Q: 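This is the structure, below, for whatever I ask next.
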Amino acid sequence: MASNATLKAVRGTRDLLPDQTPLWNRVETTARAVFTRYGFGEIRTPVLETTELFARGVGEETDIVSKEMFTWEDRARAASEKAQSLTLRPENTAGVVRAYIEHKLGETGALQKLYYIGPQFRRERPQRGRYRQFWQIGAEVIGPQSSGAESPLRDAEILEMLASMLDELGIRGWKLELNSVGNADDRARYNAALREALQPVKHLLCEDNQRRADLNPLRVLDSKDENDQEIINGLPKIADYLGEESREHFEQVKAALDACGVAYTINPRLVRGLDYYTRTTFEFTVTTGLGTQNALLGGGRYDGLSEMLGGPRAPGIGFAIGEDRLILTLQAQAEADAAAAGTTVAEPKLDAYVAPLGKEQNPAALKLAHDLRKAGLTVDVGDGSFKLRKSFDTADKLARSIVLVGEDEVANGIYTVKNFSNGEQTKIAAAELATALQAGA
RNA sequence: GCGGCUAUAGUUCAGUGGCAGAACGCCGCUCUGUGGCAGCGGAUGUCGUGGGUUCGAACCCCACUAGCCGCCCCA
């Protein structure tokens, strides 16, 4: 390791600097507030899980599990019978359901409404809106059947909450796409029908789709290959293979959404890549700022997941928002708005900048800054070695007002304050300073 | 994982074989209690990394790394 090469963040990961984090915090604060209003509690699960959890939960054959996970053998244990394979979580639903089972949350009989905010890891080729460490804001509603976890009302509530959350965050022009992929039986019948329908036309499809036709026919449906669209459009629709139960469930989800005035479009080709999805699946997309990675969030029902992980029957529904993508969208919107208004995106300013006029005033300046901060103001303090010009320049960049701390000010406790937005200069006694600055002096 | 484009100052970028540049920003001075304007001056740097070709490479070639675009996939 005797290299002098500059150390860099690893591929697909990035640092979020202070010019970015206020937006992240605003998004997370808003999300938490909305979750709280809808009766969700926060859950924090480990970033590390056993590889088996994802193999069983997400599905061995999915792209995520078969080629995108960061997985390794636990070193200290590798040689013993305790050897285990560990994985950096590629998604959070499996972990939440594992915790649900492990802590026997179902035994309480109550419906569990859980949300999480945290990093996930997938070893994909990085691109705008696609990172190897990325953040998801997600939620799960899960419980025993007697808790009503299976009710279509839960599906509609989740979707209505998401619509409200996106609106509250200021995301404009989002679109909700909805589908039902049926229960396990429906899917089996549909898969068989798809295979049959694909057989005579398979040779006409592109290489990728030919592979899918054999491996996982459902995935042929969301192919973007232009030449194959005509054939794909002619394939059987999942809606025609839904059993009475699934169809009735989906109808009730739609009815509840209609009652809430949440707009959606049915996309019969919306299937999802994780094996655990059943019945309702959905995706929210946007057109601003994301290029081709236009899916802002996705989710669906997973009525069999708990059992796949060795737990009790516990139907559930959940979603994950791509926080990175949400942020990119908000930034793109803000930039577009600023460009339209002929301005730039403004950075927030401090309430005041305290400028000692000489080194002798440094202690008094820091004390004044302390008093103002204690009063709740956002304040920065300079240094007595700065020339007045530099103090003004720095103050103008950082703060709305400058407070001069010179010999006279320290002696008589009356401070000179200049407001940068209106250029007005006033003398304010120490006792009134905080209030005056707060009011915009 | 596949195909393509890109990598030069803090930032945005120009420079296509012959002294490393511009704008903005930064620092200093004009100007030691009133800045923002202006004038003058200054520092910007492993030209992504490593090799090769050449008298000579930021420039041409190869490899690597990273970002971006598309595919794949997904959030």
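Computed over heavy atoms, backbone and side chain alike; hydrogens, waters and symmetry mates excluded. Just so we're clear, the structure is a prediction, and the values are computed from it rather than from any experiment.
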Q: Between A:Arg132 and A:Glu124, is there a donor-acceptor pair closer than 3.5 Å when you use the side chain of the first and the backbone of the second?
A: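 Yes; judged by distance alone, with no hydrogens or angles, the pair exists.
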Q: For a quick check of understanding: with a heavy-atom distance under 4.0 Å over all strands, which category does A:Lys418 fall into, base, sugar-phosphate or nothing?
A: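 Base contact.
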Q: Contact class for A:Arg14 vs. all strands (heavy atom < 4.0 Å): base, sugar-phosphate, or nothing?
A: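 Here A:Arg14 touches no strand at all.
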Q: Regarding A:Ser391, tell me which of base, sugar-phosphate or nothing describes its non-hydrogen contacts under 4.0 Å with the strands shown.
A: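 No contact at all - A:Ser391 keeps every heavy atom at 4.0 Å or more from the nucleic acid.
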Q: Tell me the closest heavy-atom pair linking A:Ser391 and A:Ile402, and the distance in Å.
A: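 Answer, listing the atom of A:Ser391 first, then A:Ile402: O-CD1, 3.8 Å.
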Q: Return whichever of A:Lys427 or A:Gly322 has its heavy-atom-nearest nucleotide of RNA chain B closer to the 5' end.
A: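 That would be A:Lys427.
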Q: Relative to the ring of A:Phe35, is the ring of A:Phe40 parallel (under 30°), tilted (30 to 60°) or perpendicular (over 60°)?
A: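 Ring orientation, 0 to 90° scale: tilted.
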Q: Using atom CG of A:Leu388 as one end and atom P of B:C29 as the other, report the distance to the nearest whole Å.
A: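 Nearest whole value for this atom pair: 13 Å.
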Q: I'd like the C1' distance from B:G18 over to B:C13, given in whole Å.
A: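 Each nucleotide's C1' atom is 23 Å from the other's.
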Q: When the P atoms of B:C55 and B:U46 are considered, how many whole Å apart are they?
A: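 Result for the P pair: 29 Å, nearest Å.
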Q: Figure out the CG/P separation between A:Asp393 and B:G25, and round it to whole Å.
A: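 Those two atoms, CG and P, are 11 Å apart.
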Q: Is there a donor on the side chain of A:Arg125 or the base of B:G70 sitting less than 3.5 Å from an acceptor on the other?
A: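 Absent.
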Q: Is a side-chain donor-acceptor pair under 3.5 Å present for A:Glu160 with A:Tyr38?
A: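 A:Glu160 and A:Tyr38 do have a side-chain donor-acceptor pair below 3.5 Å.
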Q: Of the nucleotides B:G28, B:G33, B:G67, which one has an atom closest to the side chain of A:Pro126?
A: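 So the nucleotide nearest the side chain must be B:G67.
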Q: Go through the N and O atoms of the side chain of A:Arg325 and the base of B:C74, and report whether any donor-acceptor pair is under 3.5 Å.
A: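 Side chain to base: pair present.
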Q: Searching all strands shown, indicate the nucleotide that pairs with B:G56 (Watson-Crick or G-U wobble; both distances under 3.5 Å).
A: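 Partner of B:G56: none found under 3.5 Å.
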Q: Looking at A:Arg132, does any N or O in its side chain come under 4.0 Å of the phosphate oxygens OP1/OP2 on B:C74?
A: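 No, because none of the side-chain N or O atoms of A:Arg132 sits under 4.0 Å from OP1 or OP2 of B:C74.
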Q: Can you find a donor-acceptor N/O pair under 3.5 angstrom joining the side chain of A:Arg389 to the base of B:U32?
A: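 No such pair is found, so the answer is no.
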Q: Could you give the CD-to-C1' distance, from A:Glu124 to B:G70, as a whole number of Å?
A: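 From A:Glu124 CD to B:G70 C1': 15 Å.
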Q: In whole angstroms, how far is the C1' atom of B:U34 from the NZ atom of A:Lys387?
A: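 The answer, rounded to whole Å, is 15 Å.
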Q: Over how many whole Å does the gap from A:Asp228 atom CG to B:C72 atom P extend?
A: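 So the two atoms are 10 Å apart, to the nearest Å.
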Q: Under a plain distance cut-off of 3.5 Å, with no hydrogens placed, do A:Arg32 and A:Tyr115 share a side-chain donor-acceptor pair?
A: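 There is such a pair (donor and acceptor under 3.5 Å, judged by atom type) between the side chains of A:Tyr115 and A:Arg32.
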Q: Taking atom P in both B:C40 and B:U8, compute the distance separating them and give it to the nearest angstrom.
A: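 One P to the other, the span is 30 Å.
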Q: Between A:Lys397 and B:C26, does any side-chain N or O lie under 4.0 Å from OP1 or OP2?
A: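 Answer yes for this pair, as a side-chain N or O of A:Lys397 is under 4.0 Å from OP1 or OP2.
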Q: Below 3.5 Å, does any donor atom in the side chain of A:Gln127 face an acceptor in the base of B:G70, or the other way round?
A: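 Indeed there is one.
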Q: Output the rounded distance in Å from CD (A:Glu68) to C1' (B:C2).
A: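 The distance from CD of A:Glu68 to C1' of B:C2 comes to 14 Å, rounded to the nearest Å.
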Q: Using the C1' atoms only, state how far B:A38 lies from B:C64, rounded to an integer number of Å.
A: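 Roughly 50 Å separates the two C1' atoms.
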Q: Give one of base, sugar-phosphate or nothing for A:Phe319, where a contact means two heavy atoms less than 4.0 Å apart.
A: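 No contact.
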Q: For B:C47, what is the paired nucleotide under Watson-Crick or G-U wobble rules, both distances under 3.5 Å?
A: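 By the stated definition (distances under 3.5 Å), nothing pairs with B:C47.
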Q: Using whole Å, report how far CG of A:Asp15 lies from P of B:A66.
A: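 Roughly 15 Å, once rounded to whole Å.
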Q: Under 4.0 Å, counting only non-hydrogen atoms across every strand here, what does A:Gly138 touch: a base, just sugar-phosphate, or nothing?
A: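 The answer is nothing, as A:Gly138 stays clear of every strand by at least 4.0 Å.
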Q: When the P atoms of B:U53 and B:C61 are compared, how many Å lie between them, rounded to an integer?
A: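 Nearest-Å result for B:C61 against B:U53 at atom P: 15 Å.
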Q: Do A:Glu52 and A:Arg98 meet the salt-bridge criterion of a basic N to acidic O distance under 4.0 Å?
A: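 Salt bridge absent between A:Arg98 and A:Glu52.
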Q: Which base, if any, makes a Watson-Crick or G-U wobble pair with B:G39, both distances under 3.5 Å?
A: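 Paired with B:C29.
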Q: Would you mind telling me which residue lines up with the more 5' stretch of RNA chain B, A:Gly12 or A:Asn294, judged by nearest nucleotide?
A: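 Of the two residues, A:Gly12 wins.
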Q: Under 4.0 Å, counting only non-hydrogen atoms across every strand here, what does A:Asp324 touch: a base, just sugar-phosphate, or nothing?
A: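 The answer is nothing, as A:Asp324 stays clear of every strand by at least 4.0 Å.
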Q: Show your reasoning for whether side-chain contact (heavy atoms from CB on, under 4.5 Å) applies to A:Ile321 and A:Phe284.
A: CA-CA 9 Å; A:Ile321 302 173; A:Phe284 282 70; over 6 Å; no
Q: Quick one: the side chain of A:Arg130 and the base of B:C72, do they pair up donor-acceptor inside 3.5 Å?
A: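 Counting by modelled atom types and ignoring angles, a donor-acceptor contact under 3.5 Å is found here.
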Q: Let me confirm one number: the CD1-CG distance from A:Ile317 to A:Asp155, rounded to the nearest 0.5 Å.
A: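 Answer for the CD1-CG pair, A:Ile317 versus A:Asp155, is 3.5 Å.
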Q: Can you tell me the pairing partner of B:G3 across any strand shown, Watson-Crick or G-U wobble, with both distances under 3.5 angstrom?
A: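 Its partner is B:C69 (Watson-Crick or G-U wobble, both distances under 3.5 Å).
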Q: Answer with base, sugar-phosphate or nothing: what part of the nucleic acid does A:Glu323 contact at a heavy-atom distance below 4.0 Å?
A: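 Nothing, no heavy atom under 4.0 Å.
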Q: Can you check the distance between B:U30 and B:U49, where both ends of the measurement are the P atom (answer in whole Å)?
A: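 Comparing P positions in B:U30 and B:U49 gives a spacing of 40 Å.
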Q: Mark yes or no for a side-chain to base donor-acceptor pair under 3.5 Å between A:Glu409 and B:G33, with no hydrogen or angle criteria applied.
A: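 When only heavy-atom distances are counted, A:Glu409 does reach the base of B:G33 through a donor-acceptor pair under 3.5 Å.
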Q: What contact category does A:Tyr131 fall into here, base, sugar-phosphate, or nothing, at under 4.0 angstrom with non-hydrogen atoms?
A: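 Base, at least one base atom sits under 4.0 Å.
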Q: Rounded to the nearest angstrom, tell me the gap between atom CZ in A:Arg128 and atom P in B:C74.
A: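 My rounded result for the distance is 22 Å.
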Q: If B:C74 has a Watson-Crick or G-U wobble mate with both distances under 3.5 Å, name it; if not, just say none.
A: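 Paired with B:C74, as far as the under-3.5 Å criterion goes, is no nucleotide at all.
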Q: Counting any heavy atom closer than 4.0 Å, what does A:Gly406 reach on the DNA or RNA strands: base, sugar-phosphate only, or nothing?
A: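 The answer is base, as A:Gly406 lies within the cut-off (heavy atoms under 4.0 Å) of a base atom.
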Q: In whole Å, measure the gap between the P atoms of B:A22 and B:G15 for me.
A: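 These two P atoms come out 15 Å apart once rounded.
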Q: Which value, in whole Å, describes the distance between the C1' atoms of nucleotides B:U54 and B:C74?
A: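 49 Å, rounded to whole Å.
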Q: Using a 4.0 Å heavy-atom cut-off across all strands, classify A:Leu404 as base, sugar-phosphate, or nothing.
A: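 Touches a base.
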Q: May I ask which nucleotide in the shown strands pairs with B:G10, Watson-Crick or G-U wobble, both distances under 3.5 Å?
A: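 Pairing partner: B:C24.
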Q: With a 4.0 Å limit, can you tell me whether A:Arg11 has a side-chain N or O closer than that to the phosphate oxygens OP1/OP2 of B:A66?
A: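 Yes.
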Q: Looking at every strand, decide which applies to A:Ile321 at a 4.0 Å heavy-atom threshold: base, sugar-phosphate, or nothing.
A: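 No contact.
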Q: I would like to know whether A:Lys397 and A:Glu347 meet salt bridge (charged side-chain N to carboxylate O under 4.0 Å, His left out); could you show each step before the answer?
A: CA-CA 10 Å; A:Lys397 264 173 226 154; A:Glu347 282 175 37; over 6 Å; no
